[in-house]
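Given the structure is predicted, the values throughout are model-derived calculations rather than measurements.
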Amino acid sequence: MPDSRDAKLREILDVLGRLGPRAEWSVLSRESAQWQVFHVRSEMEAFREAEDLAFEIEIHHHHDSPSGPSMGTARFEVLLSDSRPGIEAAAARSLYAAERIHSRPWFVQAPGLEYPPVEAFARDEASAPRETLEAAAAEILDAAAREKGIDPSHFEIVFTDATLGLVNSKGLSLEGRTTSAVLHLVLVGSGGGARFDIKRELYRRRAGDFGLARAVAEASALARDTLRAGLPASGTFPVVMSHSGLEFLFSPIIAHAGGEYHFEKLSRFRAGRPILDGDAAGDRLTLASDSTLPMGVLTAPFTSEGLPAIRIEVVRDNVFENVVASSEFSHALGIRATGPFANAVIEPGSTPMSAMTSGGRLLHVVEFSAMLPDRMTGDFTAEVRLGYEIDGGARRPVKGGAVSGNLFDAMRSMTLSRETDFRGDYFGPAAARFEDLTVSGA
Amino acid sequence: MNPRETHSGLIAELPAIAADAGRRLPHAAVSFSDERSMQLWTTGSRSGMSAPAPDGGVVLRVWDGAGFVEFGTNRAAPGDVRKWALARAGSVSIRGDAPPPAPRSGARRDFDSSSAVPHDSVGIERKLGDVADLQRKIRAIDPRVVNARVAYEETRVFKAYADRDRFLTQDLSFTGASFIVYASGGGRTCHASGGNKRCGGYEVLGRVASDEALSRTVGYACDMLRAGKVPPGMHTIVTSPNVSATVAHEAFGHGVEMDMFAKGCSRAGEFVGRQVASPLVSMYDSPDLPDSAGFSFFDDEGELSRTTAVIEAGILKSGLTDAYTALKLGSERTPNGRRENFRRKVYSRMTNTYFAPGDRTREDIIAMVDDGVYLCGGGVGMEDPLGWGMQIDVRLGYEIAGGRLTGRVYSPVGLTGYVPDLLRSIRAVGSDLETHGAGKCGKTFRKDWIPVGMGGPTLLMEGRLA
């Protein structure tokens with residue numbers, strides 16, 4: 001419905017154009033069509049279609065305050081159902097608030113930047129979204145039918161075709177189209193009177209990247225192993241993490257690399273300095289924020305501020321290189337604006353996974369309940385949903401108990417796998433090994 | 001803005017749209033929502049105003065003889081909703097002959113939550129000033145506080161629902177505050193967070209951001225600076241109301257959302273009528289709990305709010321249902337059919353879930369512990385309804401020895417274990433029931449976020465810490 005979008009946008013721009021010379025503004029329009037299928041086993045529980053159009057408006061007001069040149073920012077949203085008087089009232093209220101907020105000034109993005117093309121749109125799937133969902137559902141059911149003792153309990157697949165537009169008071173005007181596909185799948189393994197579920201949550205730009213046959217086979221194998229798993233032993237052991245959790249484990253690095261932590265003087269990183277205290281053995285981290293990664297979930301032609309897609313190296317060989325910052329923080333810190341942290345791309349190591357999971361006693365965790373490290377301190381504790389205690393040639397499945405440690409300490413003895421994995425917004429080693437983590441089990 | 005007036009034309013038309021859309025289909029319902037939020041925040045050096053969760057749209061739901069087919073939009077102009085709905089209903093093919101949800105008693109009601117001080121009656125300037133004052137108060141409590149972010153949020157939610165039996169509307173206001181406190185000392189920087197949200201107007205701010213709540217959060221952040229690691233293993237634990245609430249919600253509540261029974265993904269389905277907790281334990285889900293963060297007069301399927309007894313005296317009494325689940329399982333309908341917004345489907349969801357209070361004071365309970373850990377400072381968790389495992393990340397633990405807190409601190413503390421073992425081990429229940437609901441709850445994965453409340457009193461139990 002581009003006509004109604006354009007008409008509403010013109011109405012919004014007309015209102016914003018009357019805010020006066022000290023105001024800057026931007027309008028981000030998000031228009032999408034979504035198809036959703038919900039299955040309980042082979043039965044389709046529900047099918048949904050949703051169409052969405054919303055305008056996010058940001059008003060900046062430049063003024064002087066007791067601390068010098070200042071700027072206030074206020075945001076509001078407009079829906080198609082909002083009337084002209086309603087938009088005018090929201091804009092007036094936001095301007096009034098912005099006039100009374102005294103933050104450091106920065107400016108909206110001017111035109112003239114180069115916007116490299118990125119791959120974030122699955123044209124073939126967007127042309128037949130319902131068929132895409134039906135084919136994916138059939139593939140899941142086919143793959144599950146091949147697995148002994150596995151019940152495809154339920155799954156949901158959502159496909160979205162979205163158009164993002166940005167217009168601002170400096171004359172910038174951008175538009176880009178993306179697709180996304182999301183799968184939530186729960187498989188239940190049963191045997192010997194017990195049942196256990198394995199969940200898979202996959203975010204991709206296209207359903208074809210789910211790798212459904214492999215995902216179902218892998219999850220089924222894990223579900224079966226869980227049925228015969230016991231508590232892990234307690235103690236301090238080498239711990240290998242793969243399959244799930246790794247993409248979240250590095251979130252403290254991303255937080256400390258961000259403009260907000262640097263501006264608020266909360267970051268432990270300094271440019272050109274090592275990110276870890278003391279000596280580090282093992283593999284060194286090289287991490288990039290990459291909004292150009294082909295079909296990455298956080299790949300986009302431009303940011304909500306109108307910054308181009310970019311790959312920026314954040315950490316190189318454990319040394320901090322670049323702050324990832326929005327325009328607000330880049331102005332305050334005197335650095336280049338990059339936009340928010342995008343897809344995490346980590347250089348793999350040289351050790352094959354088979355070597356990482358052999359040798360002396362260790363715990364190989366393939367499924368955590370939730371890996372949620374404290375972004376400030378790097379402390380983490382995560383329940384083991386499935387792992388394997390490995391001691392020489394013996395391999396025993398375990399579940400329950402927890403692995404705890406501190407990311408910044410653990411990285412001093414980190415080994416990264418040679419094998420890589422793509423997980424939507426993460427492309428990097430498929431596994432990592434840490435030598436001294438605490439396991440609380442039996 | 002009064003949404004009931006702003007959208008009066010569309011609202012009045014909903015019953016007729018539902019009737020027309022359902023002429024050749026066994027069942028049709030139309031719902032409309034308009035949710036607007038405004039947030040003011042400051043870190044001292046930076047401030048802003050934002051609209052974090054604006055939402056609104058129409059959902060047409062029809063029964064096709066096998067399940068529900070839904071269409072959601074916010075792209076239809078108010079005058080075009082009827083045309084849009086009839087076109088979508090006309091596109092639906094009948095898939096089977098299963099009967100739709102049974103008719104309910106008719107009702108035509110308009111509900112409004114009360115606000116002593118409506119949000120619109122307070123100017124932006126005063127709100128900005130109050131937020132800045134809260135931030136300054138936090139900074140002044142302890143010199144080790146190096147940064148604090150304070151946010152105020154007001155939300156107005158309007159919902160209307162119409163089907164062949166019911167035509168309901170509700171207009172709800174919520175007020176919340178959240179604060180993150182950063183403290184530095186001894187080469188470390190730690191943070192603790194606090195806050196709450198309640199149904200009501202601006203008058204609620206003083207309750208959700210009380211001086212006691214600010215001081216407690218600062219105390220947690222500063223105590224974390226000297227915290228060590230808890231000895232891993234089984235411990236006698238005393239949970240603060242805040243942590244008890246997370247146990248109620250994450251460890252047990254998700255497992256009694258009965259769509260998970262239908263999917264074969266919850267152990268609780270096998271335990272209805274059986275002992276799942278200590279006889280001291282009762283647990284309820286109440287959408288109409290006064291002032292609560294998960295408050296509503298009816299759910300997103302037009303089911304009127306009432307309390308569901310989930311556990312009474314340790315016996316699992318009932319789960320929580322949405323219309324489809326109740327139909328599939330032949331179970332009683334409870335007012336728990338909730339959706340995130342018009343973009344998403346309805347599931348069986350909690351509203352305000354809490355352990356009922358007992359008769360002990362917190363001091364009594366701590367005095368009962370010879371060797372244990374007092375868990376507090378809030379936590380986040382992850383449910384596991386089928387395995388009945390649990391993971392709750394608690395910010396702080398305080399050592400208890402000889403019935404007293406020793407002053408030794410642990411952080412963070414992971415609480416894991418087998419849920420029935422944990423609930424059956426409860427030996428004492430406090431009288432100090434508290435409810436809170438600053439955040440939102442996701443369904444199974446990181447999705448379908450809805451506001452909920454959770455609560456509990458101080459509890460004494462055995463748990464595995466790491």
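Residue A:Arg268 does not touch chain B at all, counting heavy-atom pairs closer than 4.5 Å. Only the backbone of B:Ser266 comes within less than 4.5 Å of a heavy atom of chain A; no side-chain atom from C-beta onward does. Interface remark: A:Leu266 contributes side-chain atoms only to the contact with chain B (heavy atom separation under 4.5 Å). Only the side chain of B:Tyr324 comes within less than 4.5 Å of a heavy atom of chain A; its backbone N, CA, C and O stay farther away. With a 4.5 Å cut-off on non-hydrogen atoms, A:Asp52 touches chain B through its backbone and its side chain both. Of the atoms belonging to A:Glu49, heavy atoms from both backbone and side chain fall under 4.5 Å from chain B. For chain B, no part of A:Glu58 is nearby; none of its heavy atoms comes within less than 4.5 Å. Residue A:Ile59 does not touch chain B at all, counting heavy-atom pairs closer than 4.5 Å. The parts of A:Met44 that come within reach of chain B are both its backbone and its side chain, each placing non-hydrogen atoms under 4.5 angstrom from that chain. Looking at A:Glu99, there are no atoms closer than 4.5 Å to chain B (heavy atoms on both sides), in backbone or side chain. With a 4.5 angstrom heavy-atom cutoff, A:Thr438 touches chain B only via side-chain atoms. Heavy atoms of A:Ser94 lying under 4.5 Å from chain B belong to its backbone as well as its side chain. Neither the backbone nor the side chain of A:Phe155 comes within less than 4.5 Å of any heavy atom of chain B. Interface residue A:Phe38: only side-chain heavy atoms are found under 4.5 Å from chain B. In this structure, chain A has a heavy atom under 4.5 Å from the backbone of B:Ser411, while its side chain stays farther away. B:Tyr182 touches chain A through its side chain: at least one heavy atom from C-beta onward sits under 4.5 Å away, while N, CA, C and O do not. Heavy atoms of B:Ala262 lying under 4.5 Å from chain A belong exclusively to its backbone. Residue A:Val158 touches chain B through its side chain alone, counting heavy-atom pairs closer than 4.5 Å. Only the side chain of A:Tyr96 comes within contact range of chain B, with at least one heavy atom under 4.5 Å from a heavy atom of that chain.
Residues B:Asn74 and A:Leu80 approach most closely at O-CB, 3.7 Å, considering heavy atoms. Closest of all the heavy-atom pairs between B:Asp55 and A:Leu79 is C-CD1, 4.2 Å. Taking every heavy atom of both residues into account, B:Ile124 and A:Ala97 meet most closely at CG2-CB, 3.7 Å. Scanning both residues, A:Thr381 and B:Gly414, for their nearest heavy atoms gives CG2-CA, 3.6 Å.
The pair B:Arg343-A:Glu51 fails the salt-bridge criterion, with no side-chain N (NZ, NE, NH1 or NH2) lying under 4.0 Å from an Asp/Glu carboxylate O. The existence of a salt bridge linking A:Glu264 and B:Arg46 is confirmed by a sub-4.0 Å separation between a basic side-chain nitrogen and an acidic carboxylate oxygen. A salt bridge links A:Asp82 with B:Arg36: the closest approach of a Lys/Arg side-chain nitrogen to an acidic carboxylate oxygen falls below 4.0 angstrom. A salt bridge links B:Lys345 with A:Glu45: the closest approach of a Lys/Arg side-chain nitrogen to an acidic carboxylate oxygen falls below 4.0 angstrom. A salt bridge does not link B:Arg464 with A:Glu383: none of the charged nitrogens is closer than 4.0 Å to a carboxylate oxygen. Using a cutoff of 4.0 Å between basic side-chain nitrogens and carboxylate oxygens, B:Lys328 and A:Glu43 are scored as salt-bridged. Salt-bridge formation is not detected for the pair B:Lys447/A:Glu201: no Lys NZ or Arg NE/NH1/NH2 atom is positioned less than 4.0 Å from an Asp or Glu carboxylate oxygen.
Ranked by heavy-atom pairs under 4.5 Å with chain A, the first of B:Pro78, B:Gly72, B:Gly264, B:Pro232 is B:Gly72. With chain B as the partner, the residue from A:Ser404, A:Ala332, A:Ser369 showing the most heavy-atom pairs under 4.5 Å is A:Ser369. The most heavy-atom pairs under 4.5 Å with chain A, out of B:Gly233, B:Cys265, B:Gly387, B:Ala77, come from B:Cys265. Contact tally against chain B (heavy-atom pairs below 4.5 Å) for A:Ala89, A:Ala382, A:Ser83: the top residue is A:Ala382. Heavy-atom pairs under 4.5 Å with chain A peak, among B:His7, B:Arg344, B:Lys229, B:Arg395, at B:Arg344. Ranked by heavy-atom pairs under 4.5 Å with chain B, the list A:Arg48, A:Arg75, A:Arg41 is led by A:Arg48. Taking chain A as the reference chain and counting heavy-atom pairs below 4.5 Å, the highest number among B:Arg95, B:Arg149, B:Arg267, B:Met224 is found for B:Arg95. With chain A as the partner, the residue from B:Arg188, B:Met390, B:Arg61, B:Lys127 showing the most heavy-atom pairs under 4.5 Å is B:Met390. Options A:Glu56, A:Arg93, A:Gln34 differ in how many heavy-atom pairs under 4.5 Å they form with chain B, and the most are formed by A:Arg93. In terms of heavy-atom pairs under 4.5 angstrom with chain B, the leader among A:Ser70, A:Gly441, A:Ala370, A:Ala46 is A:Ala370. Chosen from B:Leu465, B:Leu10, B:Val69, B:Thr189, the residue pairing most often with chain A at heavy-atom distances under 4.5 Å is B:Thr189.
No side-chain heavy atom of A:Val186 sits less than 4.5 Å from a side-chain heavy atom of B:Lys263. For the pair B:Thr42/A:Ile101, no side-chain contact is recorded, criterion being any heavy-atom separation below 4.5 Å from C-beta on. The shortest distance between side-chain heavy atoms of A:Asp374 and B:His191 falls below 4.5 Å. Using a 4.5 Å heavy-atom cutoff, the side chains of B:Pro412 and A:Phe380 are not in contact. Taking 4.5 Å as the limit, some side-chain heavy atom of B:Leu386 sits within range of a side-chain heavy atom of A:Arg195.
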**Request:** Tell me, with the steps shown, if B:Arg75 and A:Lys8 meet side chain to side chain contact (heavy atoms under 4.5 Å, CB included).
**Result:** CA-CA 11 Å; B:Arg75 288 205 306 206; A:Lys8 184 57 71 176; over 6 Å; no
**Message:** I'd like to know whether B:Ser50 forms a side chain to side chain contact (heavy atoms under 4.5 Å, CB included) with A:Phe76, so could you lay out the CA-CA distance, the side-chain angles of the two residues, the decisive distance to 0.1 Å, and finally the verdict.
**Reply:** CA-CA 6 Å; B:Ser50 57; A:Phe76 66 102; over 6 Å; no
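Taking CG of B:Asp384 as the start and CZ of A:Phe196 as the end, the distance is 5.0 Å to the nearest 0.5 Å. Considering CE of B:Met234 and OG of A:Ser440, their distance stands at 9.5 Å, rounded to 0.5 Å. With rounding to the nearest 0.5 angstrom, the NZ atom of A:Lys265 is 8.5 Å from the OG atom of B:Ser45. Taking OG of B:Ser37 as the reference point, atom CD of A:Glu77 lies at 10.5 Å (rounded to 0.5 Å).
In this structure a side-chain-to-backbone donor-acceptor pair under 3.5 Å is missing from A:Thr73 to B:Gly48. A donor-acceptor contact shorter than 3.5 Å is absent between the side chain of B:Thr416 and the backbone of A:Ala402.
A donor and an acceptor atom, one from each side chain of B:Asp259 and A:His154, are nowhere located under 3.5 Å apart.
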